[in-house]
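Submitted below is the structure of interest, expressed as structure tokens.
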Amino acid sequence: MTEAKKTPYYDKHIEAGAKIVDFAGFQMPIQYKSINSEHLRVRNSVGMFDLSHMGEFRVGGNDALDFLQKMTVNDVSTLEDNQIHYNCMCYPDGGIVDDLLVYHRGDHFLMVVNAACLEKDFEWLRQHLEGAVELENLSDQTGLLAIQGPNAENVLAKMTDYNLSEMGFYWSTEAEIAGEKVLFSRTGYTGEDGFEIYHKPEIAGKLWEAALEAGKEFEIEPIGLGARDSLRMEMKYMLYGNDIDKTTNPVEAGLSWIVKLDKGDFIGRDVIAKVKENKPDRRLVCFELQSKGIPRHGYKIFYEGEEVGHVTSGMYSPVLEKGIGLGYVPRKRSKSGREIEIEIRGKRVPAVIVKPPFYKNGSLKK
Amino acid sequence: MDFPKDLKYSKEHEWVKVDGDTATIGITDYAQGELGDVVFVELPDSGEEFKQMDAFGTIEAVKAVSELYTPVSGEIVEINEKLEDEAGLVNQDCYGDGWMIKMKLSNTSELDDLMDADKYKELVES
């Protein structure tokens with residue numbers, strides 16, 4: 001094992017009293033003070049996240065668009081300059097390689113991928129290179145700071161002259177933040193309004209201090225991976241490795257909305273088209289526990305006494321104040337309102353399937 | 001981190017306060033810090049008997065679940081009912097309002113297996 005990498009914000013995490021864990025080969029802050037309070041700070045005001053562990057690939061060249069059309073399920077040709085979309089790559093059998101964002105950056109594209117999949121993704125892309133495509137891994141030279149919460153725009157507005165009010169959700173631009181030229185986008189993984197700033201590692205400390213200063217009046221706090229996980233789960237945003245992986249296809253995961261069968265051929269298309277036509281055998285559902293307890297990854301799901309699936313993500317929702325989870329159940333048992341049971345340490349606890357998202361009052365701008 | 005001198009400590013990060021043949025038991029400052037936000041605490045009923053190192057309950061924090069082990073043998077004489085609705089007391093005041101159970105000791109010599117504050121401090125700081 002090589003030693004876990006440090007992000008350019010590592011010293012800031014230590015300074016802020018973070019508890020550090022090894023995540024996807026990086027030494028990342030899991031929490032600073034408390035997952036609960038960090039979660040609520042983002043829901044109620046604003047928080048800042050170091051996401052420098054994420055992977056960034058530059059895809060350029062005359063055939064870049066054709067290449068991405070082949071490699072991903074969403075229709076990249078619909079993206080306008082500066083626009084972004086959510087997307088995923090699949091294997092020929094329809095299993096998911098990774099979920100990701102694609103940024104249209106004018107003369108090239110930027111793919112933002114999960115840290116845990118970074119090397120696998122790059123290798124997968126490299127193996128399928130065809131035509132005039134330049135693929136470059138920018139991950140080591142890219143820092144990423146996210147500012148998320150209903151006050152995110154108020155904070156960032158103090159750090160830039162760029163007119164943020166004109167920036168729509170899932171759009172990006174190059175502009176100066178804290179006097180430094182960066183790429184940033186109105187994107188996030190929290191269900192709240194927010195921004196993600198891609199920058200040279202050298203300016204991490206400067207951006208961190210500037211965000212703390214600008215966010216002071218809104219009680220900004222650094223937020224760890226623990227709250228990042230609970231925030232995304234309340235929105236039913238999927239986590240690769242838990243809710244989706246090479247054994248799950250986009251249709252059963254509820255990602256049909258990003259699968260564009262009419263865009264032409266892409267890897268996995270045949271299988272996914274069949275699943276879509278015949279409907280999947282199982283579906284990823286959201287459920288809430290109806291009594292005390294916290295569902296966790298791997299716990300069994302029962303329906304009328306029969307084991308029907310397992311929990312892929314589960315935790316205590318700081319906003320709903322109850323145990324919530326995601327898991328795959330047979331499609332015929334997947335309607336919201338159905339009562340299921342989760343086995344927690346040998347005891348079956350009643351739960352009910354609910355419509356996503358769990359949290360419905362996010363400040364996210366569409 | 002706080003290590004009150006008048007308590008005894010187990011390797012599983014529980015503290016024991018002895019008063020005659022009754023022991024009050026909870027988890028240490030170190031343990032609550034490692035667990036993070038405690039959401040639920042499942043405790044046994046009064047009258048139940050446990051041997052040293054039996055699992056007597058579970059503690060659910062946001063990130064993880066862990067078992068609670070009796071540092072000594074005996075019968076449960078009282079549980080902290082407040083934790084039913086206010087599990088966060090374990091984080092806020094682990095040596096006070098966040099106590100968990102009171103046991104009637106069946107074998108006081110087991111107390112010798114426990115550590116004093118200095119020794120426990122050494123354990124968690126090493």
Side-chain angles (χ1 to χ4, degrees), chain A residues 17-23 28-43 223-234 239 242 288-299 311 313-325 342-347 349, chain B residues 1-2 12-13 26-45 48 50 53-70 79-98 100-101 123-126:
Chain A
K19 189 182 286 180
I20 302 287
V21 296
D22 188 347
F23 178 81
M28 297 298 290
I30 183 91
Q31 67 171 55
Y32 298 85
K33 286 177 191 145
S34 127
I35 293 175
N36 248 324
S37 67
E38 288 164 31
H39 181 110
L40 294 171
R41 183 59 51 94
V42 174
R43 287 272 178 257
I223 311 296
L225 290 183
R228 177 169 160 84
D229 191 42
S230 57
L231 287 159
R232 69 96 191 163
M233 209 186 299
E234 280 183 347
L239 175 63
N242 278 32
E288 293 178 4
L289 286 203
Q290 292 180 297
S291 61
K292 282 192 177 180
I294 302 178
R296 301 196 188 266
H297 179 80
Y299 287 8
V311 176
S313 284
M315 73 171 325
Y316 178 76
S317 160
V319 170
L320 276 61
E321 298 188 333
K322 56 175 113 172
I324 62 170
I342 311 299
E343 189 173 276
I344 300 180
R345 293 182 299 281
K347 258 187 272 178
V349 178
Chain B
M1 240 184 293
D2 200 14
E12 281 68 40
H13 309 289
I27 65 165
T28 65
D29 197 12
Y30 171 80
Q32 71 79 21
E34 285 297 300
L35 279 167
D37 302 303
V38 173
V39 186
F40 304 117
V41 183
E42 258 178 49
L43 296 176
D45 294 322
E48 284 189 54
F50 292 93
M53 282 307 293
D54 277 351
F56 72 89
T58 50
I59 187 160
E60 290 259 21
V62 169
K63 253 326 212 200
V65 58
S66 67
E67 300 268 1
L68 295 162
Y69 298 97
T70 44
I79 62 162
N80 186 353
E81 310 259 1
K82 266 199 201 161
L83 296 183
E84 174 83 13
D85 296 316
E86 291 177 77
L89 287 173
V90 176
N91 294 120
Q92 292 151 29
D93 188 12
C94 65
Y95 297 118
D97 287 345
M100 291 177 176
I101 53 171
L123 175 84
V124 301
E125 287 178 353
S126 65

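So that the names make sense, note that chain A is the first sequence line, chain B the second, and so on, each numbered from 1.
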Spell out, as yes or no, whether a donor-acceptor pair under 3.5 Å connects the side chain of Lys292(A) to the backbone of Glu42(B).
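No, because the side chain of Lys292(A) does not come within donor-acceptor range (under 3.5 Å) of the backbone of Glu42(B).
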Using non-hydrogen atoms only, which part of Lys33(A) is less than 4.5 Å away from chain B: side chain, backbone, both, or neither?
neither
Where the side chain of Asn36(A) meets the backbone of Asp37(B), is there a donor-acceptor pair that is under 3.5 Å apart?
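The answer is no, because no donor-acceptor pair under 3.5 Å joins these two groups.
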Side chain, backbone, both or neither: which part of Val62(B) has a heavy atom under 4.5 Å from chain A?
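For Val62(B), backbone and side chain are both near chain A.
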To check you understand the geometry: which heavy-atom pair defines the closest contact between Glu34(B) and Lys19(A), and what is its length?
O-NZ, 3.3 Å
How far does CD1 of Ile344(A) sit from CD of Glu60(B), to the nearest 0.5 angstrom?
6.5 Å
With respect to chain B, which residue among Gln31(A), Arg296(A), Met315(A) yields the maximal number of heavy-atom pairs within a distance under 4.5 Å?
Arg296(A)
What residue, out of Gly293(A), Ser230(A), Gly323(A), has the most heavy-atom pairs lying under 4.5 Å from chain B?
Gly293(A)
Quick check for you: to the nearest 0.5 Å, what is the distance between Ile35(A) atom CD1 and Lys63(B) atom NZ?
5.5 Å
If you count heavy atoms of other groups shown closer than 6.0 angstrom to CD of Glu81(B), is the number above 12?
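No, CD of Glu81(B) has 12 or fewer neighbouring heavy atoms, counting only those of other groups under 6.0 Å.
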